[in-house]
Protein chains: 2
Amino acid sequence: MTLGPRPRALLGVLREANAELSGQELHERLKQASPRHGLATVYRNLRLLQRSGLVRCRKLPNGESVYAPLERDDHHLTCVGCGHSEPLPICPVGTGGLGLTKVLLQGFKPLFHTFEIHGLCRSCQQSEPLAHG
Amino acid sequence: MTLGPRPRALLGVLREANAELSGQELHERLKQASPRHGLATVYRNLRLLQRSGLVRCRKLPNGESVYAPLERDDHHLTCVGCGHSEPLPICPVGTGGLGLTKVLLQGFKPLFHTFEIHGLCRSCQQSEPLAHG
DNA sequence: CGTATGCTGAGAATGGTTCTCGTTCTAGCA
DNA sequence: TGCTAGAACGAGAACCATTCTCAGCATACG
């Protein structure tokens with residue numbers, strides 16, 4: 001598989017970054033190197049890299065998608081109140097995967113997984129006396 | 001915690017449904033019972049129910065959110081090519097949770113989790129000779 | 001009865017992402 | 001070098017699920 005210059009630059013920015021980046025943020029950074037780099041191209045190449053198994057993606061509560069290199073395996077704690085999301089240093093899946101049987105996958109080729117715990121952060125618990133119980 | 005009539009109807013529709021429903025679908029169904037039920041109210045009450053620990057939510061690749069009762073614990077296999085998502089009858093988290101330490105949670109109150117395997121479905125593997133390797 | 005508070009519906013606004021389409025780049029070839 | 005076909009690109013418009021705004025209505029309470 002050969003990557004064109006645009007996708008390669010995109011992947012480079014993602015790998016240098018120490019956090020997940022959104023499409024908009026990636027666009028900002030890529031424009032610094034090539035000012036005419038378009039937003040559509042950013043999203044086009046993000047899809048390409050994702051299908052190629054080089055980039056992973058997840059959606060934040062506010063609707064934007066954030067991207068990271070596939071090899072980074074972070075999971076998250078996300079507040080359903082304020083939408084704040086922070087890394088969670090655990091992974092429920094061993095390195096060898098879940099031992100998914102071929103029966104379960106039925107020809108599906110896994111590339112990456114997302115695991116997220118949703119709940120209420122400390123400050124949203126205080127401001128919202130709704131918590132069930 | 002007391003639920004008003006609108007949130008209660010919403011939760012009822014979700015519990016009757018045998019699949020996750022989007023905000024738009026919920027609106028459609030709720031209008032059948034009360035034709036003037038507004039879309040804003042659907043989303044308002046979805047947020048309310050989510051914060052109350054009664055409803056869970058996840059985002060599909062096409063950007064819409066789908067909702068289910070908290071007690072339903074399904075996970076998914078989602079194609080990064082076509083966006084198709086189907087239930088996966090496994091859960092990486094035991095009933096007792098992950099044994100998350102208080103140190104990790106730092107006051108965060110977990111309500112539910114999402115687990116999703118992203119990859120390429122059989123037909124997207126065929127149409128896209130991109131697969132890395 | 002009068003007022004405060006909260007919930008609601010209708011429609012406008014928002015904003016990340018995708019689409020359109022004319023242009024530009026690249027590869028292959030003579 | 002000059003030419004052509006096809007792929008990739010950029011700019012801006014379009015899309016659409018969701019959120020916001022705000023006036024109207026219901027309920028509770030004095």
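The structure displayed is predicted, hence computed values, not measured ones.
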B/R51 side chain to A/V80 main-chain N or O, any donor-acceptor pair under 3.5 Å? no

Nucleotide-resolved protein contact map, nucleotides 15-21 of chain C, B/S/- at heavy-atom distance under 4.0 Å: -SBBB--

Can you name the residues that form a side-chain hydrogen bond (donor to acceptor under 3.5 Å, both in side chains) with B/R8, not counting sequence neighbours? none

Scan residues 11-20 of chain A for pairs that pass side-chain hydrogen bond (donor to acceptor under 3.5 Å, both in side chains), counting only residues two or more places apart or in two chains. A/R15-A/E71, A/E20-A/R58, A/E20-A/H76

Partners meeting salt bridge (charged side-chain N to carboxylate O under 4.0 Å, His left out) with A/E64 (sequence neighbours left out): none

For B/H118, check side-chain hydrogen bond (donor to acceptor under 3.5 Å, both in side chains) against everything at least two apart and list the hits. A/T114

Find the distance B/R6:CZ to C/dG6:C1' and express it as a whole number of Å. 14 Å

Using a cutoff of under 3.5 Å, can you pull out all pairs of nitrogen or oxygen atoms linking the protein to nucleotides 22-28 of chain C, with atom names and distances?
none

Protein-nucleotide distance (B/L48, atom CG; C/dT8, atom C1'), rounded to Å: 14 Å

Name the first nucleotide and the last nucleotide along DNA chain D (5' to 3') that come under 4.0 Å of a heavy atom in chain A. D/dC9 to D/dA11

Which pairs count as side-chain hydrogen bond (donor to acceptor under 3.5 Å, both in side chains) when at least one residue sits in residues 39-49 of chain B, sequence neighbours excluded? B/Q24-B/Y43, B/T41-B/R44

Checking A/C57 now: which residues fulfil side-chain contact (heavy atoms from CB on, under 4.5 Å) with it, not counting sequence neighbours? A/Q50, A/S65, A/Y67

If a pair satisfies salt bridge (Lys or Arg N to Asp or Glu O under 4.0 Å) and one of its residues is in residues 23-34 of chain A, list it, with sequence neighbours excluded. A/E28-A/K31

Who are the ring-ring contact (aromatic ring centres under 6.0 Å, His included) partners of B/H27, not counting sequence neighbours? none

To the nearest Å, give me how far apart CG (B/L3) and P (C/dT8) are. 10 Å

Which residues share a salt bridge (charged side-chain N to carboxylate O under 4.0 Å, His left out) with B/E86, sequence neighbours left out: none

